[in-house]
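Counting begins at 1 with the first residue of the sequence.
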Amino acid sequence: MKAINRPIEEIIIHCSDTEEGLDYKANDIDDWHRDRGFEGIGYHYVVDLDGTIELGRDLQRAGAHVKDHNYSSIGICYIGGRDSNGEAADTRTDAQKQALRNLLQVLLSVWPHAHISGHHDWTKSKKCPCFDAAKEYADLNGDVYVQGNGR
C-alpha cells in the first residue's frame, strides 16, 4: 500500500443501502454518486456480496462519505443494508464479513492508530451500516469509539 499525503484517523464503515442479494458493484455506486453531483465514488473500498474488495476512490483523495470527516478517514462500503422488506438490516454475507475484517486488518497495519466506526456514529439520521462496527471490531480497534468521549 503506497503512502498517502493525508492523516488517517478514522476508518468508517457504510452500507450501500440496497436490498440484500442485489449484486451491485463499485461502478454502480460511482454512477449513483456522480448523479448526486459527486466527483465519482465517495468510498475508497467496496465489499461485494462474494467478498471481493473493489477499489473506489483513490486513497490519495479525501472521500465523500461523512460530512466534516472525509479528509482524515477511509470510507468502506459493503453492498446491502436493506432486507427483502426494504427495512434497514445487517445483510452482510459471510464472505463480506470475512473480507471486511481482512481489509480492516490490512488498513490498521498501515494506520494502527485509526479508529473503526460506523456511519451512524457520525450522523444520527442514518442507520448505516446497520451494525455496530466499533463494537464488532473492538478486538482490532483496541480503542472503541463512543461518540462524545473524545477517545
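The nearest pair of heavy atoms linking Cys130 to Gly81 is SG-O, 3.4 Å. Residue Gly118 comes nearest to Ala133 through the heavy atom pair N-CB, 3.9 Å, listed as atom of the first residue, atom of the second, then distance.
Test Val47, Thr52, Val46 against Ile79 for side-chain contact (heavy atoms from CB on, under 4.5 Å) and you get one pass: Val46.
For residues 67-80, the side chain to side chain donor-acceptor pair (under 3.5 Å) pairs, not counting sequence neighbours, are His65-Ser73.
For the pair Lys25 and Asp23, the minimum side-chain heavy-atom distance is below 4.5 Å. Counting heavy atoms from C-beta outward, Ile53 and Leu100 have side chains that stay 4.5 Å or more apart. The shortest distance between side-chain heavy atoms of Ile76 and Ile12 does not fall below 4.5 Å. Using a 4.5 Å heavy-atom cutoff, the side chains of Arg101 and Leu104 are not in contact. Proximity of Tyr24 to Ile29: side-chain heavy atoms (C-beta onward) are nowhere separated by under 4.5 Å. Between Leu55 and His44, every side-chain heavy-atom pair lies at or beyond the 4.5 Å cut-off. A heavy-atom distance below 4.5 Å is found between the side chains of His14 and Tyr43. Proximity of Tyr45 to Arg57: side-chain heavy atoms (C-beta onward) are nowhere separated by under 4.5 Å.
Atoms CD1 and CG, from Ile13 and Leu103 in turn, are 7.5 Å apart once rounded to the nearest 0.5 Å. For the atom pair OG of Ser109 and CG of Leu140, the computed distance is 11.0 Å after rounding to the nearest 0.5 Å. Atom-to-atom distance recorded for Lys127:NZ and Asp90:CG is 13.5 Å, nearest 0.5 angstrom. The distance from atom CD1 of Ile8 to atom NE2 of His115, rounded to the nearest 0.5 Å, is 13.5 Å. Between the CD atom of Glu20 and the SG atom of Cys15 there is a distance of 12.0 Å, given to the nearest 0.5 Å. Between the CD atom of Glu54 and the CD1 atom of Ile41 there is a distance of 7.5 Å, given to the nearest 0.5 Å.
The environment of Asp94 atom CG is sparse: at most 12 non-hydrogen atoms of other residues, nucleotides or ligands sit within 6.0 angstrom.
Side chain of Asp58 to backbone of Gln60: a donor-acceptor contact under 3.5 angstrom is found. Remark: the backbone N or O of Gly51 is not paired with any side-chain donor or acceptor of Asp48 at under 3.5 angstrom.
Ring centroids of Trp32 and Phe38 are separated by 6.0 Å or more, keeping the two rings apart.
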His119 and Val66: side chain to side chain contact (heavy atoms under 4.5 Å, CB included), yes or no, with the steps?
CA-CA 7 Å; His119 187 197; Val66 178; 3.7 Å; yes
Would His120 and Cys128 count as a side chain to side chain contact (heavy atoms under 4.5 Å, CB included) if you check the C-alpha gap in whole Å, the side-chain angles of each, and the deciding distance to 0.1 Å?
CA-CA 5 Å; His120 66 260; Cys128 171; 5.7 Å; no
Can you check side chain to side chain contact (heavy atoms under 4.5 Å, CB included) on Thr18 and Arg82, steps first, answer last?
CA-CA 5 Å; Thr18 55; Arg82 296 257 172 211; 6.0 Å; no
Take Arg36 and Asp31 through the test salt bridge (charged side-chain N to carboxylate O under 4.0 Å, His left out) and record every step on the way to the result.
CA-CA 9 Å; Arg36 292 177 54 197; Asp31 289 343; over 6 Å; no
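With sequence neighbours excluded, the residues forming a salt bridge (Lys or Arg N to Asp or Glu O under 4.0 Å) with Arg61 are Glu39, listed by chain and number. The salt bridge (Lys or Arg N to Asp or Glu O under 4.0 Å) search around Glu136 returns Arg92, not counting sequence neighbours.
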